[in-house]
Protein chains: 2
Amino acid sequence: MKEPMPPLPPGPAAGESPEHAELAALCKALGHPARVRIVEHLAGVGCCMCGCIVENLPLAQSTVSQHLKVLKEAGLVRGTLEGPRTCYCLDRERLARLAALAAGLAERGDPDLDLGSCDEGT
Amino acid sequence: MKEPMPPLPPGPAAGESPEHAELAALCKALGHPARVRIVEHLAGVGCCMCGCIVENLPLAQSTVSQHLKVLKEAGLVRGTLEGPRTCYCLDRERLARLAALAAGLAERGDPDLDLGSCDEGT
DNA sequence: CTCTTTCATCGTTATTCGACGATAAACGAT
DNA sequence: ATCGTTTATCGTCGAATAACGATGAAAGAG
């Protein structure tokens with residue numbers, strides 16, 4: 001295990017939860033077509049080095065490196081130094097975490113409310 | 001010499017797929033804590049008007065309106081005019097779509113590749 | 001009609017992002 | 001030690017973002 005995974009405030013109308021930041025950070029990292037492209041490539045290939053990714057995108061090497069840095073900082077990608085090159089691997093757990101957070105948000109509360117609660121709130 | 005193009009035949013994502021843009025757009029919309037906050041609020045409450053959201057955030061009304069516009073353009077939220085006010089509802093389908101796209105990406109390919117494919121290629 | 005409420009839009013400013021070229025660092029091979 | 005290869009980082013520039021206050025439009029109340 002890695003973290004104690006503290007109690008999820010079950011309150012639907014709770015004011016604060018660190019998940020805001022986590023989900024936002026993950027989404028922000030994936031909020032660019034080039035980065036989605038990189039992640040997709042890594043998902044198919046398993047892992048590869050930076051040059052391999054550069055060849056698959058219409059971007060300069062420095063730009064790709066920038067994007068990889070963003071993905072790495074979000075934890076979506078891991079970089080392993082291998083001599084002069086760096087092997088980039090997708091962190092599927094992190095990506096699954098993003099999916100889980102989004103799915104959890106989509107299912108929170110009652111879909112019932114989605115249609116008729118506009119009147120209240122006087 | 002370099003590997004011209006790693007095998008990506010089995011996936012629908014050899015070079016281009018509109019899913020890139022869709023996932024990136026959805027993520028970009030959620031890539032801001034305030035927007036995650038709004039979506040979470042809507043998920044709990046079902047739907048409510050703009051003022052209700054403003055009261056829950058430390059932001060000016062115009063800023064919240066901007067964020068709502070972004071969410072609306074991404075399809076994550078629907079706005080219904082109700083006289084002078086606007087009722088905002090979360091589109092759970094869209095949010096689920098985001099989750100599904102992320103999950104699909106996380107499960108694409110073989111996790112087997114994630115550990116040992118860095119050596120080959122010499 | 002006038003007034004109030006509610007929200008969207010406009011204009012502004014500061015910050016961040018995305019992209020590039022150029023440069024430097026790390027390593028293997030010669 | 002010197003190359004060649006591969007990456008990361010720096011500096012820069014234009015564009016987009018985020019935030020705000022102020023203004024304006026739509027609908028109901030008086």
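The sequence lines fix the lettering, A, B, ..., with proteins before strands; numbering per chain opens at 1.
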Asker: Side chain of L59(A): nearest nucleotide among dC7(C), dA8(C), dA19(C)?
Answerer: dA19(C)
Asker: Of all the nucleotides listed (dT6(C), dA18(D), dA8(D)), which has the minimum atom distance to the side chain of Y88(A)?
Answerer: dA8(D)
Asker: Less than 4.0 angstrom from a charged side-chain N to a carboxylate O is my criterion; do R92(A) and E107(B) meet it?
Answerer: no
Asker: Please give, in whole Å, the distance from dT17(D) C1' to R35(B) CZ?
Answerer: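 To the nearest whole Å, that distance equals 9 Å.
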Asker: Using the side-chain heavy atoms of R85(B), tell me which of these nucleotides is nearest: dA8(C), dC7(C), dT7(D).
Answerer: dC7(C)
Asker: The side chain of H32(B) lies closest to which of these nucleotides: dT5(C), dA18(D), dG18(C)?
Answerer: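 Taking heavy atoms from C-beta onward, the closest nucleotide is dA18(D).
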Asker: Of all the choices, dA19(C), dA8(D), dC7(C), which nucleotide is nearest to the side chain of T86(A) once you look at every atom?
Answerer: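 Between dA19(C), dA8(D), dC7(C), the one nearest the side chain of T86(A) would be dA8(D).
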Asker: Of the listed nucleotides (dA8(C), dT9(D), dA8(D)), which one gets closest to any side-chain atom of S62(A)?
Answerer: dT9(D)
Asker: Report the distance from atom NZ of K72(B) to atom OG of S65(B), rounding to the nearest 0.5 Å.
Answerer: 7.0 Å
Asker: If you only use heavy atoms from C-beta on, which nucleotide in dA19(D), dT7(D), dT6(C) is closest to the side chain of T63(B)?
Answerer: dA19(D)
Asker: Return whichever of Q66(A) or P84(B) has its heavy-atom-nearest nucleotide of DNA chain C closer to the 5' end.
Answerer: P84(B)
Asker: Whole Å only: how far is the CG atom of L81(B) from the P atom of dA8(C)?
Answerer: 8 Å
Asker: For A60(A) and C52(B), find the nucleotide of DNA chain C closest to each by heavy atoms; which residue's nucleotide sits nearer the 5' end?
Answerer: C52(B)
Asker: Of the candidate nucleotides dA22(C), dT17(D), dA8(D), which contains the atom at the shortest distance from the side chain of K28(B)?
Answerer: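 Of the candidates, dT17(D) comes closest.
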